[in-house]
Amino acid sequence: MEHHHILRTITKLLIPIILLFALYVQFHGDFGPGGGFQAGVIFGSGIILYGIVFGLDKAMAVIPPSVLRVLAALGVLLYGGVGLTGIFLGGQFLDYSVLAAEPTKGQHLGILLIELGVGTTVAAIMILLFFAFAGFNREERG
Amino acid sequence: MLFSAFSLLSAGLFVALDAVDVAFTEAAVGAGISTILALATLALTGARQEAGTHHKVAPLIVVIITGSVLIYASIDIPPVGDSQAPSHLHVAPRYLNQSMKEVGIPNVVTSVLASYRGYDTLGEVTVILTAGIGVLALLGGRRRKKERTKSGDKEE
Amino acid sequence: MVQWLVDLLSWAALLGGALFLVGSGIGLLRFPDFYTRLHAAGLADTLGTALTLLGLGLQAGFTQPSVKLAMILIFIWLTSPTSTHALAKSALHSGLKPSSTPSSGGKSS
Amino acid sequence: MSNLGLYNYWIVITLMMIGFYTVMASHNLVKTLIGLNIFQTSVFMLYISFGKIANGTAPILSESHTLYANPLPHVLILTAIVVGVATTALGLALVVRIKDAFGAVDEETITLEEEKEE
Amino acid sequence: MMFVAGMIAILIAMTLILVRAFLGPTVFDRILAVNSFGTKTVLFIAVYGFLTGRPEFLDIALVYALINFIGTIAVLRFFEYGDFTSLGQKREDR
Amino acid sequence: MTLLGIDNHLPALQVVIPLMGAPLCFLLRRPVLAWGFSVAISSATLIIAFLLLQTTLQTGPLSYALGGWAAPWGIEYRVDTLNGYILLLVTAISTLSLLYARTSFEHEINSAQLPLLYAGWLLCLTGFLGMTITGDAFNVFVFLEISSLSSYLLISLGPDRRSLTAAFRYLVIGTIGATFILIAIGLFYSMTGTLNMADLAILLSKNTESRTFHAAIGFLLIGLAIKAAIFPLHLWLPNAYTWAPSAVSVFLAATATKVAIYLLLRFLFTVIGAEHSFNLFTLNQALLPLGVLAVLIGSVVAIYQDNIKKLLAYSSVAQIGYMVLGITLVSLSGLTATLLHLFNHALMKGALFMAVGAIFYRTGSLRIADLTGLGRTMPLTMAAFLISGLSLIGLPLTVGFVSKWYLVVGAVEANQMWLAIIILLGSLLAIIYFWKVIEIAYFHHKSSEAPVVNEAPLSLLIPTWILVGANIYFGIDTRLTAGVAEKAALLLLGGTP
């Protein structure tokens with residue numbers, strides 16, 4: 001998309017906004033519509049937009065696939081880890097009430113953490129999916 | 001292409017049915033990710049406009065039977081919007097009335113998703129991870145594939 | 001008094017917006033070729049959107065929703081012309097000719 | 001009003017059947033997946049219809065509202081949407097690989113190729 | 001009341017656009033129509049939020065605007081180059 | 001943290017350990033590490049399953065409220081004798097076939113993909129265990145999809161390109177099945193407002209005349225029948241099992257349909273209730289011919305196969321028919337037979353697919369015609385094949401005999417002599433298709449220019465012979481399996497064990 005100068009400029013401008021918006025959705029999910037999954041998708045879309053406009057290589061330079069793999073696994077582990085912490089603190093699996101002194105505080109903390117886990121995994125996997133699809137067959141064509 | 005419009009339309013419908021979180025997700029997923037992946041696939045397979053759907057009788061019969069069974073089923077479902085439907089009276093009121101006290105979050109969908117049925121959500125993340133692993137295993141490593149075709153030829 | 005004025009203004013804005021939107025819809029449907037349709041969609045849309053959102057914003061007053069409305073407006077103002085411009089460019093690029101002008105865009109890559 | 005409420009189900013069911021038909025009748029693998037997607041989306045609509053309450057509003061608590069839609073179907077469908085996109089992604093990846101291995105994405109050519117190996 | 005008027009106008013516009021999207025005739029017409037349809041959906045949700053007195057839902061409208069843009073660019077990219085990988089390389093070169 | 005504390009969390013850990021293991025495995029780069037890690041995880045689940053079954057046998061059903069939310073509001077895990085039994089089966093097969101998998105995978109699959117493959121395997125295990133243990137209808141759907149998606153992945157990595165199309169078709173059919181189940185769960189929900197199985201059972205029994213209820217049962221049955229490959233919805237199975245990597249065939253053939261049959265039993269008997277599904281609906285009259293046809297057609301089609309894995313896959317279709325027959329009897333001995341056959345068939349098919357995998361490892365072929373002389377060159381592998389084949393036919397002193405015996409007894413008790421005859425006929429057909437293989441392997445002489453093959457490596461033989469040993473052991477000492485199966489059957493019929 002070399003000749004699309006306006007597009008490239010606008011995209012550069014937009015991507016930070018998109019990523020910020022993703023963070024807003026991530027942490028505002030308790031009060032409005034949104035949450036980890038949606039935030040992850042939006043964050044992923046931001047990077048995908050970058051990849052579409054500026055090319056796969058540049059996007060991969062920003063976030064290498066190996067890092068994404070780690071992030072994807074970390075998200076699930078964070079979620080499961082919160083659950084196991086519940087067990088170690090004397091509750092049931094995924095019981096957030098025991099995470100803090102007050103049950104509601106614990107619930108808040110738990111939900112925040114697991115949503116973070118969801119968001120991380122989803123964003124990482126979405127970008128990985130795009131990389132995998134867009135990068136398939138690439139070497140062959142040169 | 002029209003599929004993306006379909007996603008937007010269905011997401012609009014979800015908003016009209018008060019399912020904002022669902023609309024949010026459907027918009028992001030259906031119009032965004034699914035479309036991009038479908039386009040990437042079309043680009044890789046080079047099959048843009050191929051001969052349309054062949055009209056076949058057997059699937060039509062199956063579809064008509066399934067549809068009729070569903071319509072039959074729908075007769076006894078409480079109509080849309082009925083506030084006295086059994087589904088609104090059993091489990092759901094607790095979520096709506098106690099969520100503030102028990103979880104302390106105004107968005108009930110989030111509190112049910114993350115806390116009451118948090119385990120489903122763990123499953124959901126696992127599903128996404130599965131898809132990620134699957135696509136990586138299938139589309140990662142290009143070099144490997146050629147070896148495989150060769151050995152596959154030998155086997156037969 | 002002020003409330004009355006605000007209401008009137010937002011009425012006007014919404015109605016104006018509605019007019020433009022329907023107009024752009026009709027234009028999109030009725031105009032003869034892609035490039036003219038582009039005008040209908042691009043220009044009328046931007047204005048219609050702006051007016052509609054303005055009407056809503058007047059109703060909301062200076063609250064969080066109106067901030068979001070402003071964000072949507074900015075966003076649409078940024079993206080809508082960008083995508084229509086990119087569209088036009090791509091169309092020209094891939095050899096789609098405007099019906100009235102002689103072919104000058106042609107294929108060039 | 002009693003029967004009016006069922007129309008929504010019927011429309012959803014029609015949509016569902018269109019998707020289902022596409023899945024079964026289509027010869028193009030990508031189209032099959034798109035049909036599958038439509039089929040699933042209409043099931044989601046069915047669920048959401050169960051959750052609708054007349055004059056209710058979205059289940060985000062606020063002081064100005066007392067009647068909310070049932071949140072449970074929404075939660076279930078959120079999960080189901082994710083499952084749907086995961087299935088689509090995996091299916092599309094398979095299509096890409098099938099194209100690579102068989103050189104085609106339509107049912108007939110692939111069946112022919114497969115028979116060659118028997 | 002006035003929101004209803006706005007809604008009706010948007011719905012009419014949406015229908016007209018959908019017809020154009022179905023008619024085509026070129027891909028670019030379709031892309032344009034769907035893009036414009038997306039904008040209308042954004043407005044629809046915004047107005048609907050006000051109609052039902054829950055303006056918080058503007059978040060969704062915002063996401064729509066965003067996804068609509070990304071979708072259009074992706075589609076464009078696809079129809080212009082045929083893939084997402086190489087820069088400035090045209091479909092015919094393959 | 002006392003040991004006693006961990007004890008209370010076993011139901012959750014049963015699923016969470018492989019679930020958390022999968023992302024860790026995904027991060028491992030070295031295939032050997034990933035393999036060792038998966039074996040460790042799988043063995044841990046096996047130990048937990050054993051402890052759980054023991055606990056349920058001693059103290060009755062266990063309930064675990066995930067997230068600390070009580071049952072109808074939160075998700076509940078419920079372990080009783082029935083699913084404890086299935087859990088043990090799934091984890092045992094998974095561990096054994098993982099032991100087997102290493103050598104087999106290294107031969108068939110590129111090393112870069114192996115860690116992903118093991119991660120997929122653990123996810124598949126997670127899905128099966130989650131589906132089995134849960135007491136929540138929607139949670140079943142979620143874990144069903146985890147297991148389905150990962151099994152599509154596992155199948156698609158097979159060494160032949162046809163594995164791709166097999167996986168794709170399975171994906172389409174499987175997703176339709178899962179969506180049907182989703183529709184059924186939705187309809188149940190619209191009637192009752194709950195998703196908990198125990199709660200559903202109580203609420204549904206009040207409203208059995210509703211049209212929605214009938215339609216929901218229909219959708220549920222079709223969805224589960226697709227997953228369980230009940231005739232005529234078995235079409236995905238032969239290709240999927242044939243082209244999957246050898247070890248994956250072992251794992252899936254021995255577990256996937258079994259878990260689906262378990263779900264069918266759970267929904268029919270626990271959620272809907274035996275009296276509603278069978279008396280009111282005369283469901284067994286619909287299922288009975290399907291079971292009979294599955295036994296006959298599956299066996300006959302198996303005779304005509306020239307690919308040995310396809311032969312085994314069609315034989316699986318027939319064996320699933322036996323399980324369906326057991327269900328339709330709706331009696332203690334019928335259900336015991338089904339549950340026994342569930343377990344025994346896993347042992348037999350596991351051993352058979354392992355033997356075939358070992359043959360493929362050495363000869364690189366799956367064609368029956370290429371088996372000539374293997375009785376001499378690979379004596380241990382072929383002996384394993386022979387013994388488990390005899391078990392499948394139902395020879396006394398093997399497990400196959402035990403479950404068929406129970407089935408015949410059930411049929412005679414129900415005064416359906418003709419059913420007993422069908423079962424015997426099925427065994428006769430099984431003799432025919434096995435004889436075909438045995439004859440070529442033992443009595444055909446190999447042409448001199450054919451390459452020399454050696455006996456399979458020990459890493460393949462040991463797991464195979466463990467399963468073969470189990471085939472004989474549980475065929476002679478039936479107290480353990482039959483005892484547990486009978487208790488589980490009693491539980492399904494509403495009695496207290």
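Computed from a predicted model, the values in this text were never measured in an experiment.
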Is F:R169 positioned over the aromatic face of F:W236, cation under 6.0 angstrom from the ring centre and no more than 45 degrees off axis?
no
Bottom line for F:V172: the part with an atom under 4.5 Å from chain D's heavy atoms is both
What part of D:L29 is in contact with chain F, defined as an atom under 4.5 angstrom from a non-hydrogen atom: side chain, backbone, both or neither?
both
Please classify the contact between D:L76 and chain F as side chain, backbone, both or neither, with a heavy-atom cut-off of under 4.5 Å.
both
Chain D contact via F:L187 - side chain, backbone, both or neither, heavy atoms under 4.5 Å:
both
Scored by heavy-atom pairs under 4.5 Å with chain D, the best of F:I183, F:V142, F:I176 is F:I176
Under 4.5 Å from any heavy atom of chain F - which part of D:T87:
both
Part of D:F20 within contact of chain F (heavy atom distance under 4.5 Å):
side chain
Evaluate the criterion side-chain contact (heavy atoms from CB on, under 4.5 Å) for residue pair F:V271 and F:L200; output intermediate values, then yes/no.
CA-CA 6 Å; F:V271 176; F:L200 268 177; 4.0 Å; yes
Counting heavy-atom pairs under 4.5 Å to chain F, which of D:L94, D:V82, D:T32, D:T79 comes out on top?
D:L94
Can you find a heavy atom in the side chain of F:S190 that is under 4.5 Å from one in the side chain of F:T212?
yes
Heavy-atom cut-off 4.5 Å, strictly under: side chain, backbone, both or neither for F:Y170 against chain D?
neither
Do D:N70 and F:Y189 have side chains that get closer than 4.5 Å, going by heavy atoms?
yes
Taking it one step at a time, do D:T22 and D:K31 satisfy side chain to side chain donor-acceptor pair (under 3.5 Å)?
CA-CA 7 Å; D:T22 318; D:K31 266 195 188 164; over 6 Å; no
Tell me, with the steps shown, if F:L116 and F:F26 meet side-chain contact (heavy atoms from CB on, under 4.5 Å).
CA-CA 6 Å; F:L116 296 175; F:F26 175 58; 3.4 Å; yes
Reported NE2-to-CD1 distance for the pair D:H74 and D:I81, which is rounded to 0.5 angstrom
10.5 Å
4.5 Å side-chain heavy-atom contact, F:R162 and F:N239:
no
Below 4.5 Å from any heavy atom of chain D, which atoms of F:I173 appear? Answer side chain, backbone, both or neither.
neither
What part of D:I110 gets within 4.5 angstrom of chain F, counting heavy atoms only: side chain, backbone, both, or neither?
side chain
Side chain, backbone, both or neither of F:F168 within contact of chain D (heavy atoms, under 4.5 Å):
both
